[in-house]
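Heads up, the thing below is written out as structure tokens.
Chain letters run A, B, ... following the sequence lines, proteins first and then strands; every chain starts at 1.
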There are 2 protein chains.
Amino acid sequence: MRSPCQQLRETPLPASGKAAGDSSFDHLAKNGEDIPKPVIYRLSIYLRCLTQLRDEGRQTLSSEALAEYAGVKSTQLRKDLAYFGQFGTRGLGYNVTQLTTIVGRVLGTKKSRSVVLIGVGNLGLALLSYQGFRREGFHISAAFDLVPQKPRNKFITQPVFPMSFVSHYIQSNRIRIAILCTPPGAAQDTAALLIRHGITGILNFAPTVLQVPDHVTVNNVDLAIELENLSYFIQKKTFTESVR
Amino acid sequence: MRSPCQQLRETPLPASGKAAGDSSFDHLAKNGEDIPKPVIYRLSIYLRCLTQLRDEGRQTLSSEALAEYAGVKSTQLRKDLAYFGQFGTRGLGYNVTQLTTIVGRVLGTKKSRSVVLIGVGNLGLALLSYQGFRREGFHISAAFDLVPQKPRNKFITQPVFPMSFVSHYIQSNRIRIAILCTPPGAAQDTAALLIRHGITGILNFAPTVLQVPDHVTVNNVDLAIELENLSYFIQKKTFTESVR
DNA sequence: TCGTGTGAAGACGTTCACAGCT
DNA sequence: AGCTGTGAACGTCTTCACACGA
């Protein structure tokens, strides 16, 4: 019944005084609490900083130092960690190795997860060879495209299958996550197809608002909107400053 | 003095009863108010939906309908628009064409903006030919790389210059926005260089927390973190459901 | 009646201030 | 003295409830 959490129990966390509740996935959290999305996002950033610092041989670290490294306030960092327990030593800071392990465990970054990619255009092709995913414990095991054979002038290690294979593939390999890089017009239908066959998480690069059932999570990465946003805020900033 | 806002005055907005304040960029807003970032983000989504609906020939639209299309609640949509004025007709809804114009104007999506791209690796190369930017009124006018000549097996329309050209290029073309796709190790130094020569907005794809001065805006697009996030939340959701 | 516009209430997340441990 | 952990205060964004105009 608690299988998805098992790995997290293998080694008890010594520093975690108030041990975890039992009745939810968030036993990772001290209580049955829901963890806010921004917290999880920052946790990923902390993890990256921690990994790097650990590999540089750093032993111990204050919340102040890690926070600056990660671009947040130290109180926020401490509050974020407080969702999961007490891991620091007052007057001293955190043990880098230990904290790295803990944060990694919270995020479930233990075993590497297989994902598929749909739509091998420019962007899809680039993502297939993006190294950042692997560093974070993910790997794209296969790609799918309406035209799997189109010339792509690029060496990728993953196979590109026709769309008709996708349902069988994700079912027999129990894939849960898909990266969606189709043209906007095809995104909704493709998403529906994926969901019908067991996908529950979609990283959506298509500039389309996907309508999905409740049990499915979508993370949108909308490149044009990010640029538009940036443009708006620098315009605004420029002006505000020119007034002073 | 108000030059960045000029274009917004060319045509008076008939429906905007409470006309704009004058003393800030946010005269776009009804008062001198600051517009929250999430509002701007959603505005971009609305704009996309509106453009599409308009091109499909739709004349009029209720907040309910547009909200569903954009994946938000209708009250939120109305509140978002309320920052800028009153554009609807009670009992009827919004005029699609008019609202499209207004939202586009707020976002400053009038004249197309030139941006540069730094780091022509896999991802950079893909972004150079990404169509979504152009659709939103941006275009990448040049790219820069330490090794501009490396074989890339791909037709791109933009020139790739060596890094030593970058300062001159952004200065003489008055570029304000850069897309940063360098390896993580080079990101901070590259950012500093760009900023020194006039860049004030960075769309950062490198998995690095950039330290920048206050007058610079950074938007991070961290692909690995998005995946990690997704993974966390589907794990959680799966478990929560299995408990019920 | 239908749908917008908006003050008020509510939920959520961040920051402060300081208590408490080492 | 130094630094963590945390309740309380604060600010921000979202949602509600309903007034108002077409």
Can you confirm whether A:D214 is buried at CG, in the sense that more than 12 heavy atoms of other residues, nucleotides or ligands lie under 6.0 Å from that atom? no
To the nearest Å, how far apart are A:D80 CG and C:dC12 P? 17 Å
List the steps, then state whether side chain to side chain contact (heavy atoms under 4.5 Å, CB included) holds for A:I179 with A:V115. CA-CA 7 Å; A:I179 300 177; A:V115 307; 4.1 Å; yes
Does atom CD (A:Q188) have a neighbourhood of more than 12 heavy atoms from anything else shown, all under 6.0 Å? yes
How close or far is atom P of C:dT4 from atom CG of B:L81, stated in whole angstroms? 10 Å
May I have the distance from A:I35 (atom CD1) to C:dG13 (atom P), rounded to whole angstrom? 10 Å
How long is the line joining CD of B:Q98 and P of C:dT4, in whole Å? 13 Å
Identify, residue by residue, the members of residues 62-76 of chain A with a heavy atom below 4.0 Å from DNA chain D, and return them in order of residue number, or none. A:S62, A:S63
Nearest whole angstrom, please: distance from the P of D:dA17 to the CZ of B:R78. 13 Å
Please examine the side chains of B:H215 and B:I195, heavy atoms only from C-beta on, and report whether any two atoms are closer than 4.5 Å. yes
All N/O contacts under 3.5 Å from nucleotides 19-22 of chain D to the protein, with atom names and distances to one decimal?
from, atom 1, to, atom 2, distance (Å)
D:dC20, O2, B:R90, NH1, 2.8
D:dG21, N2, B:G91, N, 3.1
D:dA22, O4', B:R90, O, 3.2

Take a 6.0 Å sphere around CD of A:Q211 and say whether it holds more than 12 heavy atoms from other residues, nucleotides or ligands. yes
Applying side-chain contact (heavy atoms from CB on, under 4.5 Å), can you list everything that pairs with A:T208, at least two apart in sequence or on another chain? A:P184, A:A187, A:A206, A:L210
Any A:R48 side-chain heavy atom under 4.5 Å of A:E136 side chain: yes
Given D:dG7, C:dT4, D:dT15, the nucleotide with the shortest approach to the side chain of A:K79: D:dG7
Mark yes when over 12 heavy atoms from residues, nucleotides or ligands other than A:Q76 sit less than 6.0 Å from its CD; otherwise mark no. yes
Tell me which of B:L61 and A:P36 sits closer to the 5' end of DNA chain C, going by the nucleotide each one is nearest to. B:L61
Please confirm whether the shortest side-chain N or O distance from A:Q86 to OP1 or OP2 of C:dC21 is below 4.0 Å. no
Working note: B:V218 + B:N220, criterion side chain to side chain contact (heavy atoms under 4.5 Å, CB included); need CA distance, chi angles, decisive distance, verdict. CA-CA 6 Å; B:V218 176; B:N220 294 300; 3.6 Å; yes
Can you tell me the distance, in whole Å, between the OH atom of B:Y41 and the P atom of D:dC13? 16 Å
Value in whole Å for how far the C1' atom of C:dC2 lies from OH of B:Y94: 13 Å
What's the NZ-P distance between B:K37 and C:dG13, to the nearest Å? 17 Å
